[in-house]
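What you see is a predicted model, and the numbers here were worked out from it, not measured in a lab. Labels below follow one simple rule: chain letters A, B, ... track the order of the sequence lines, proteins then strands, and each chain is numbered from 1.
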Amino acid sequence: MRKLLTLAVLAVLALLVAPPVQAQGGILFQGVLDAELWKTDSLSSLLARNDGRPGAMGRIGLWAAAEPWRDVVLFGQLSAETGPGRHEEGSELYVTQYGTRWSPSDAFVLEAGKMTHVVGTFSSRWLSFRNPLIGTPDGYSLVYPFGVKVSGTASIFDWRAAVLSKPLTHEDYTVEPSHAPRPAVGVGITPVTGIRLGASATNGPYLNRELAPTLLAGQGWRHFNQRLVAADLQLSHGYFEAFAELAQGRYDVPGRASLSGITWYAETKYTFTPRLYAAVRVERNDYPYIMPFGASSWIADKSDFTDAEAGVGLRLAASTLLKLSARADRWVPNPNPYAPQTSGRALAMQVSRTFDVLELATRKR
Amino acid sequence: MSSYSPPVALALVGLLAMLPSALPAPPAIPARPATGRIEGEVVISSALASRRPRFRIYADPGPGSRPPASETDEIRNVILYLQNAPGTPAAPSAHAAMTQDDERFAPHVLPVLRGTTVDFPNADDVFHNVFSLSSARTFDLGRYPKGSAKSVTFDRSGVVQVFCHIHSDMSAVILVLDNPYFAQPARTGHYAIEDVPPGEYTVVGWHERIKPVMRTVRVVAGETARLDFNIPLPSGGENFSR
């Protein structure tokens with residue numbers, strides 16, 4: 001992994017310092033570079049990084065698209081991050097998305113490959129130049145299943161339907177799911193400019209095929225489903241904008257009654273001047289924590305916490321954004337010793353810079 | 001020695017007095033114009049790919065989730081202007097306009113005289129938030145819906161890069177110039193700068209992605225100076241904005 005990361009960094013550096021070349025048409029190659037500094041509690045379940053010591057980390061995201069035929073786009077995206085300020089130790093390279101998209105009209109777009117999930121909208125805003133804060137809602141983890149998706153917009157309505165290979169789960173709360181096809185649908189309405197209401201749902205297996213039959217109460221892992229229903233709201237007026245999402249999930253648990261829970265967040269942002277904005281996000285997570293325990297039993301309980309993040313963003317240049325944020329969470333004590341439940345605080349600073357690789361390669365001489 | 005009788009003399013005097021008005025007026029010599037003209041052709045010298053993939057790596061669902069096809073006529077993004085021209089022109093009273101249409105700024109490049117007020121109407125079904133952080137003019141118009149327009153006056157010359165907070169791939173340039181002697185080529189590449197005072201000037205061929213191309217020209221009153229430009233554009237497509 002370290003070699004891959006080194007290669008990726010070298011490739012990007014080579015592109016940045018490469019002599020000007022003749023760029024080809026019909027190609028898009030862009031990216032974002034993030035540098036972050038974190039100071040957190042040492043024991044927090046959700047927020048601890050680098051054992052509580054100040055830690056820095058760097059992240060690069062690159063995405064490219066080519067249009068070999070009109071309305072047919074091939075695309076790919078990768079992200080690499082390293083540094084002691086990461087939530088997990090070490091370095092990592094993710095190939096997040098790749099596939100092909102056919103867009104014959106606004107009302108019909110066909111996409112196949114590795115893609116964002118249909119349920120939830122935060123995944124479309126997680127990149128640093130779209131996320132007004134530094135952290136992300138815990139209940140809306142980034143999942144990139146394989147699948148085939150059709151989507152479109154017509155008048156005030158938008159829709160999307162897909163068959164995807166993975167559920168929308170969080171690795172800290174449920175096991176890493178195996179691939180299995182599941183349907184997912186989403187609809188939205190934009191009654192007036194600046195307000196959009198959306199709903200989405202999915203149903204399918206969420207467990208891992210490696211789990212022992214004894215753990216699965218003698219049944220196959222595909223018998224245990226996750227059913228997820230979600231709603232979202234986007235609001236924008238003047239210098240103010242807001243996002244809110246709510247998801248209700250019900251999980252089949254081996255040998256036990258099914259368990260359900262809710263997660264929601266609300267986020268607001270206000271832009272004071274061209275360079276300065278402030279943002280706040282509040283999250284409530286009452287979501288199932290379901291993990292195998294021992295040879296034949298399961299822990300199935302709720303993770304019960306509230307967290308909030310507040311921050312400011314200062315646009316240093318059109319492509320460079322500096323963010324400062326503070327985040328705190330409060331967990332309700334849980335008698336289950338295995339469930340995450342330690343409260344904590346985190347301070348973070350992030351500088352992000354977007355760039356166009358083709359433009360860099362052909363910049364003014 | 002002959003002599004005229006008084007009535008005849010009076011008649012002759014009267015006739016002579018009428019003579020200037022009775023004769024046809026001599027042909028008028030046209031006044032020499034005080035200004036000249038510069039015209040020429042603009043050629044973009046590299047093969048252009050004006051279309052970038054219709055793609056956003058992440059997009060909110062709903063209207064505006066997909067970018068428009070970027071069909072840009074790059075020749076219209078070239079501006080020709082005189083670098084140093086005499087006089088201090090008054091700020092124009094007429095407004096210029098840069099529309100947000102189909103999630104693009106139209107025109108992509110707008111040359112204006114210093115002091116001009118530019119309107120930014122929103123013609124899209126989604127909100128836009130026009131802003132600029134350029135030193136020549138910093139502004140943020142906030143979010144506003146279809147049918148609304150906000151205005152900005154540009155009092156300092158320079159390059160003003162314009163973006164939209166909401167749609168990161170929207171960008172445009174307002175080129176604020178010190179004098180009114182500028183032109184935007186037609187799609188054929190032909191341009192003309194009218195009413196230029198006589199003198200020797202540097203004409204700048206400007207495009208946002210290249211170092212300005214400069215050529216000198218001598219303008220003679222009443223004549224047209226010919227000056228062609230070759231704009232060596234290195235790549236196609238629109239800029240990624242933030």
**Q** Where do Arg143(B) and Thr271(A) come nearest, in terms of heavy atoms and distance?
**A** NH1-OG1, 4.4 Å

**Q** Side chain from CB out, backbone as N, CA, C, O: work out which of these in Ala66(A) comes under 4.5 Å of a heavy atom of chain B, or both, or neither.
**A**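 Backbone of Ala66(A) only, per the 4.5 Å heavy-atom cut-off to chain B.
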
**Q** Using a heavy-atom distance cut-off of less than 4.5 Å, which residues of residues 132-141 of chain B contact chain A?
**A**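 Contacts with chain A: Ser132(B), Leu133(B), Thr138(B), Phe139(B), Asp140(B), Leu141(B).
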
**Q** Hey, what do you get for CG (Leu127(A)) to CD1 (Ile57(B)), rounding to the nearest 0.5 Å?
**A** 8.0 Å

**Q** Measuring heavy-atom distances to chain A, does Phe127(B) have an atom under 4.5 Å in its side chain, in its backbone, in both, or in neither?
**A**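 Contact with chain A is through both the backbone and side chain of Phe127(B).
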
**Q** Drop me the distance from Asn129(B)'s CG to Ser236(A)'s OG, to the nearest 0.5 angstrom.
**A**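 Going from CG on Asn129(B) over to OG on Ser236(A), the span is 8.0 Å.
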
**Q** Show, in sequence, the C-alpha distance, side-chain angles and deciding distance for Thr190(A) and Asp125(B), and conclude whether the side-chain contact (heavy atoms from CB on, under 4.5 Å) test is met.
**A** CA-CA 10 Å; Thr190(A) 306; Asp125(B) 287 331; over 6 Å; no

**Q** Side chain, backbone, both or neither: which part of Phe240(A) has a non-hydrogen atom closer than 4.5 Å to chain B?
**A**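 For Phe240(A), the backbone is the part near chain B, not the side chain.
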
**Q** Mind running side-chain contact (heavy atoms from CB on, under 4.5 Å) on His165(B) and Arg315(A) for me, showing each step along the way?
**A** CA-CA 11 Å; His165(B) 269 305; Arg315(A) 197 174 282 276; 3.8 Å; yes

**Q** Please look at Thr116(A) and chain B and tell me whether the side chain, the backbone, both or neither of the residue comes under 4.5 angstrom of a heavy atom of that chain.
**A** side chain

**Q** Minimum heavy-atom separation for Gln77(A) to Tyr58(B), with atom names?
**A**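 That would be OE1-OH, 3.1 Å.
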
**Q** Chain B heavy atoms under 4.5 Å from Trp126(A): which part of the residue, side chain, backbone, both or neither?
**A**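 Answer is side chain: those atoms of Trp126(A) sit under 4.5 Å from chain B.
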
**Q** So which of Arg125(A), Met115(A), Glu241(A) has the largest heavy-atom pair count under 4.5 angstrom toward chain B?
**A**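 Winner by heavy-atom pair count: Glu241(A).
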
**Q** Tell me, for Leu28(A) versus chain B, whether the close heavy atoms (under 4.5 Å) come from the side chain, the backbone, both or neither.
**A**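 Contact with chain B involves both backbone and side-chain atoms of Leu28(A).
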
